[in-house]
Amino acid sequence: MKKLTTLLMLCAFTIFSCSCGAENVGNVEDTSETTSVTVGTSATEETTLPVTTEKEYLLQDLSDTQFNDYVSNTLVATGNNYVVESANEVTYRAYFPVEQYGELEYCFYFSNTVDSTYKYGELAYAGRIGEEYTIKSAYIADGGTSVDDEITNRTLVTFDNGNVSKEVGAGETYWSDSLTFDVPQDHYLVWEWTVSGENIACTYMSSLTSTTADSGDGNFKYCDQIPLPQLIGAKRDTKLNIVAIGDSITQGCQTGFMKYEFWSARISQMLGDDYAFWNCGLGWSRTSDASKCGNWLSRASTGDVVIVAFGTNDINSGEYMGDGGNSAQEIVDYLRVILDELTHKGCKIILFNAPPEDFGEAKESVRVEYNDMLKDIAKEYNVELFDFASCLSSEDNPSKALYGGHPNGEGGQIVADTFIQQYKDLLQIDAE
């Protein structure tokens with residue numbers, strides 16, 4: 001889908017370029033910046049000529065990479081919002097529920113940079129570069145239907161055309177080699193690797209699934225700070241590739257352990273394996289983080305449809321190195337950068353408003369103002385606006401979070417049901 005859209009845009013741009021010098025026809029809006037340059041035509045005469053410069057976009061161009069072939073195949077978000085300060089041949093293990101079972105070709109993507117700010121950025125903040133680290137070995141395996149089952153079919157993951165180990169550079173992005181693997185129905189895909197290094201970009205608040213670490217004694221213990229692939233990628237035949245970028249409410253934090261009942265997982269489950277749904281939510285993240293246009297937003301821009309769901313941490317904490325919570329206008333200013341970039345990439349965008357959080361009066365007034373401003377922003381950018389807040393509150397008390405600040409499974413199901421019904425045409429859902 002995305003490739004076809006890009007090709008059509010390229011053809012349109014080529015036709016437009018061939019007509020340079022002609023007057024604008026119809027309702028084409030000129031969004032480029034124009035300045036003037038004064039040139040002398042004689043000793044006594046000057047002429048001012050307009051000089052047009054195109055807007056500079058900041059996202060990485062991932063159009064000619066493996067993102068064209070591999071889409072997410074798990075409900076669990078694995079972006080980077082923290083760093084492992086020190087690991088000495090630590091073996092990390094994580095269980096992933098997959099979106100499509102059976103034998104598929106897999107390929108895994110990694111980024112050694114922190115995507116978003118954790119808390120107030122004391123240790124981890126958007127754009128912090130992870131330091132060098134060593135991969136001793138990496139495997140995927142069949143985890144059975146429970147963490148109590150025996151792990152079977154351990155299969156080696158290699159890098160750089162067959163290498164078992166890899167030296168990863170500071171801030172490096174890279175892919176594994178591809179491999180074919182079979183995940184039986186209702187079984188978990190297990191990721192397991194042994195790494196050494198300092199300040200390795202990692203996932204924090206990963207407790208939606210089983211994540212453990214072993215420091216050498218053969219005893220795996222719970223670990224909530226774990227370096228992982230950013231994409232559990234599989235080659236799948238799908239109608240659409242949907243990406244959701246947002247905070248811990250998108251990530252699904254504080255919902256049932258290994259129940260995958262948060263709203264983004266519910267939507268993915270309802271859509272089935274005809275669709276890829278990549279959860280790029282990160283705990284503590286905010287609009288200002290994504291607006292830095294780093295690898296995080298670049299990854300999200302590979303989707304055909306991109307859900308953008310921020311607001312809570314912007315209101316509560318504000319940007320890294322800022323002076324506290326942001327105003328509604330400040331959040332919108334950051335949001336415009338995100339919308340500009342995703343629109344330029346040809347993504348269809350669904351914008352979520354900010355959900356209820358049982359805020360005090362001052363912060364609630366910011367949330368209300370922000371949500372009201374989004375109505376005009378959605379019209380201006382011609383994007384969809386999903387009333388996330390009304391799904392999680394009541395008309396009588398719209399500020400009350402009926403299902404918790406991190407919506408529970410019941411709230412997640414209500415959101416998913418409403419979302420699917422509202423966007424069944426956009427998502428090309430066949431009528432039953």
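Values in this document were obtained by computation on a predicted structure and should not be read as measured data.
Residue Arg266 comes nearest to Ala416 through the heavy atom pair CB-CB, 3.5 Å, listed as atom of the first residue, atom of the second, then distance. Closest heavy-atom contact between Ser298 and Leu62: O-CD1, 3.5 Å. Taking every heavy atom of both residues into account, Tyr204 and Gln251 meet most closely at O-NE2, 3.7 Å. Among all heavy-atom pairs drawn from Ala94 and Leu228, the shortest one is CB-CD2, 3.8 Å. Across all their heavy atoms, Pro398 and Pro356 have their closest contact at O-CB, 3.6 Å. For Thr343 against Ile349, the heavy-atom pair with the smallest separation is OG1-CD1, 3.7 Å.
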Worksheet item: Are Asp217 and Asp214 close enough, and set up right, to give a side chain to side chain contact (heavy atoms under 4.5 Å, CB included), and what steps lead you there?
Response: CA-CA 7 Å; Asp217 58 4; Asp214 170 26; 3.0 Å; yes

Fill in: side chain to side chain donor-acceptor pair (under 3.5 Å) between Asp115 and Asn81, worked out
CA-CA 6 Å; Asp115 295 318; Asn81 60 349; over 6 Å; no

Item to complete: Show your working on side chain to side chain donor-acceptor pair (under 3.5 Å) between Gln413 and Asp417 and close with a plain yes or no.
Response: CA-CA 6 Å; Gln413 189 64 62; Asp417 288 340; 3.0 Å; yes

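The shortest side-chain heavy-atom distance between Met258 and Ser210 falls under the 4.5 Å cut-off. Put simply, the side chain of Phe310 reaches to within 4.5 Å of the side chain of Ile245, judged on heavy atoms. Taking the side chain as every heavy atom from C-beta outward, Pro407 and Ile249 approach each other to under 4.5 Å. Inter-residue side-chain proximity for Thr255 and Tyr260 is flagged as unmet; no heavy-atom pair is nearer than 4.5 Å. Between Phe262 and His406, the closest side-chain pair of non-hydrogen atoms is not below 4.5 Å. Put simply, the side chain of Leu179 reaches to within 4.5 Å of the side chain of Ile140, judged on heavy atoms. Between Ser317 and Trp284 the shortest side-chain heavy-atom distance falls below 4.5 Å. Side-chain contact between Tyr101 and Val183: present, with at least one pair of heavy atoms (C-beta onward) separated by less than 4.5 Å.
Remark: Asp289 does not engage Lys292 in a salt bridge, criterion side-chain N to carboxylate O under 4.0 Å. Salt bridge annotation for Lys166-Asp160: present, with a cationic side-chain nitrogen under 4.0 angstrom from a carboxylate oxygen. Using a 4.0 Å cut-off between charged side-chain N and carboxylate O, Arg336 and Glu380 make a salt bridge.
In this pair, Tyr174 and Phe110 present their aromatic rings parallel. The plane angle is below 30°, not in the 30 to 60° band. Between Trp263 and Phe277, the ring-plane angle classifies as perpendicular under the 30° and 60° cut-offs. Classification of the Tyr57-His344 ring pair by plane angle, with boundaries at 30° and 60°, yields parallel.
Each of Phe108, Phe181, Tyr139 was checked for a ring-ring contact (aromatic ring centres under 6.0 Å, His included) with Trp191, and the lone residue meeting it is Phe108. With Lys363 as the partner, the side chain to side chain donor-acceptor pair (under 3.5 Å) test is satisfied by one option alone out of Thr312, Asn316, Asp358: Asn316. Between Glu198 and the options Glu85, Glu132, Glu131, a side-chain contact (heavy atoms from CB on, under 4.5 Å) holds for only Glu131. With Tyr320 as reference, Tyr125 is the one residue of Tyr125, Tyr334, Tyr118 to meet the ring-ring contact (aromatic ring centres under 6.0 Å, His included) rule.
A side-chain donor-acceptor contact under 3.5 Å links Thr134 and Glu167. In the model, Thr158 has a side-chain atom that pairs as donor or acceptor with a side-chain atom of Asp177 under 3.5 Å. No hydrogens or angles considered: nothing links the side chains of Ser394 and Asp396 as a donor-acceptor pair under 3.5 Å. Looking only at atom types and distance, the side chain of Asn295 has a donor-acceptor partner in the side chain of Tyr109 under 3.5 Å away. Counted by atom type alone, Glu341 and Ser301 present zero donor-acceptor pairs between their side chains at under 3.5 Å.
Atom CG of Leu427 sits about 5.5 Å away from atom CD1 of Ile350, to the nearest 0.5 Å. For the atom pair OG1 of Thr287 and CG of Asp333, the computed distance is 11.0 Å after rounding to the nearest 0.5 Å. Here Asn80 contributes atom CG and Ser111 contributes atom OG; the two are 6.0 Å apart, rounded to the nearest 0.5 Å. To the nearest 0.5 Å, the span separating OG on Ser399 from CZ on Arg367 amounts to 7.0 Å. A distance of 11.0 Å separates CG of Leu335 from CD of Gln329, quoted to the nearest 0.5 Å. In this structure, Thr209 OG1 and Ile226 CD1 are separated by 9.5 Å, a value rounded to the nearest 0.5 Å.
With hydrogens and angles disregarded, no donor-acceptor distance shorter than 3.5 Å links the side chain of Thr238 to the backbone of Asn241. Side-chain atoms of Thr211 come within 3.5 Å of backbone N or O of Cys223 as a donor-acceptor pair.
The aromatic ring centroids of Trp175 and Phe67 lie less than 6.0 Å from each other.
When the salt bridge (Lys or Arg N to Asp or Glu O under 4.0 Å) test is applied to Asp149, no partner is found at least two apart in sequence or on another chain.
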